[in-house]
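Have a look at the structure below, then the notes.
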Number of protein chains: 2
Amino acid sequence: MATTEPRAQALSIGEVARRTGLSVHALRFYEREGLLVGPVQRTTGGRRRYTEVDVDWLLICVKLRESGMPLAELKRFAELVRHGPGNEAERLQLLDAHQQRVEAQIRALEECRSVIAWKTSVYAEHLARGEAGGLWDPTA
Amino acid sequence: MATTEPRAQALSIGEVARRTGLSVHALRFYEREGLLVGPVQRTTGGRRRYTEVDVDWLLICVKLRESGMPLAELKRFAELVRHGPGNEAERLQLLDAHQQRVEAQIRALEECRSVIAWKTSVYAEHLARGEAGGLWDPTA
DNA sequence: CTATGAAGTAGAGCGAGGTCTAGATCAAGT
DNA sequence: ACTTGATCTAGACCTCGCTCTACTTCATAG
């Protein structure tokens, strides 16, 4: 049988920080805030030992945060997952709602981009033809 | 001659708030922070009277803010414009740098979107085939 | 044994970006 | 004159998302 071993590689907080891009401080903060799914294991000396599964979860957290999900909602999601099976519909709903927002955000940014592109083109053109004055009004 | 009248329609702060989507508070705050190009005109009674030009500038500010430009940078831009002609190259550079960031942001969001889309599809599939257990691990 | 450096805790502090309060004033309608 | 509602100012206050401080403890190399 292909033993599906959990390959618990016992990563230190520093390692996890490097892998996730979160600071050591942020990792402890996330834990305090209940943003993790399970309690992190500890060595006899009290140090945190993260597993690959923990890291996977954190990587998802990073993506959700990066796309603007507030910590409170991330926490809610973690709670759902922690609570186990039976609430998949709610999880899906949460993710779906977030996805909508991300898409709206992308559209908004694309519009900003086009406004900015237009502005820069006005300046670029102006510079190309020399200082012709009359440009210093806010609209231009 | 086509008199290019500045059609100064004397808008109240409330009107401008409605038109720009900024709150009245935010408008006063922006002014205090030096984010406006010129000083806003006042009535004899001391109330602000905005012109269309002011609104145009504010609309640009809104777009820049919406796309993540920090107030400090917006202030810098306002200063350049206020200072008049001769610094167009610097203005262009500032806008250009921002545009790069907006594009990077869009790319990052698109990646987040695809991660989230994958996650939701996992849940959706799971729900479609009934609660098959074994899904409640953070990776799924 | 000691030095060094990573990690532990609890809690204070910070920067950004507004928001809100208090109390006064202005402007318009009746 | 009176009421109502928008504005005025200065400055206090708030939320978010970490970050940093202070001080202690653990682990490892020399």
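Chain letters run A, B, ... following the sequence lines, proteins first, then strands; residues in each count from 1.
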Legend entry - Whichever of B:Leu22 and A:Glu15 has its nearest DNA chain C nucleotide further upstream toward 5': A:Glu15
Inset, instruction - Could you check A:Gly14 against B:Phe29 and say which one's nearest nucleotide on DNA chain C is further toward the 5' end? - result: A:Gly14
Can you find an N or O donor on one side and an acceptor on the other, under 3.5 Å apart, linking the side chain of [X] with the base of [N]?
X: B:Arg28; N: C:dG18; result: no
X: B:Arg65; N: C:dG18; result: no
X: B:Arg47; N: D:dA6; result: yes

Grab the [atom1]-[atom2] distance between [X] and [N] for me, whole Å please.
X: B:Ile13; N: D:dC8; atom1: CD1; atom2: C1'; value: 9 Å
X: A:Glu31; N: C:dG8; atom1: CD; atom2: C1'; value: 11 Å
X: B:Leu71; N: C:dT19; atom1: CG; atom2: C1'; value: 14 Å
X: B:Leu11; N: D:dT7; atom1: CG; atom2: P; value: 11 Å
X: A:Leu35; N: D:dC16; atom1: CG; atom2: C1'; value: 13 Å
X: B:Tyr50; N: D:dC8; atom1: OH; atom2: C1'; value: 12 Å
X: A:Glu33; N: D:dT19; atom1: CD; atom2: C1'; value: 13 Å
X: A:Leu27; N: C:dA6; atom1: CG; atom2: P; value: 16 Å

Inset, instruction - Remember a base hit wins even if backbone is also touched, and classify B:Arg42 as base, sugar-phosphate or nothing at under 4.0 Å, heavy atoms. - result: sugar-phosphate
Inset, instruction - Describe, in one word, how the ring planes of B:Tyr123 and A:Phe77 are oriented to each other, choosing from parallel (under 30°), tilted (30 to 60°) and perpendicular (over 60°). - result: perpendicular
Inset, instruction - Answer yes or no: does a side-chain N or O of B:Thr43 lie under 4.0 Å from OP1 or OP2 of C:dC26? - result: no
Inset, instruction - Verify the contact: side-chain N or O of B:Ser12 to OP1 or OP2 of D:dA6, cut-off strictly under 4.0 Å; return yes or no. - result: no
Legend entry - Straight-line distance of A:Ile60 CD1 to A:Leu74 CG, nearest 0.5 Å: 10.0 Å
Inset, instruction - Could you check B:Arg49 against A:Ala26 and say which one's nearest nucleotide on DNA chain D is further toward the 5' end? - result: B:Arg49
Inset, instruction - Dump the intermediate steps for salt bridge (charged side-chain N to carboxylate O under 4.0 Å, His left out) on A:Glu103 and A:Arg107, then the final yes or no. - result: CA-CA 6 Å; A:Glu103 268 150 22; A:Arg107 282 192 300 275; 5.1 Å; no
Inset, instruction - Go through C:dG17, D:dC18, C:dG11 for me and flag the one nearest to the A:Tyr30 side chain. - result: D:dC18
Legend entry - Minimum side-chain heavy-atom gap A:His98-A:Val102 below 4.5 Å: yes
Legend entry - Steps toward salt bridge (charged side-chain N to carboxylate O under 4.0 Å, His left out) verdict (A:Arg76, A:Glu79): CA-CA 5 Å; A:Arg76 175 76 188 130; A:Glu79 275 162 2; 3.7 Å; yes
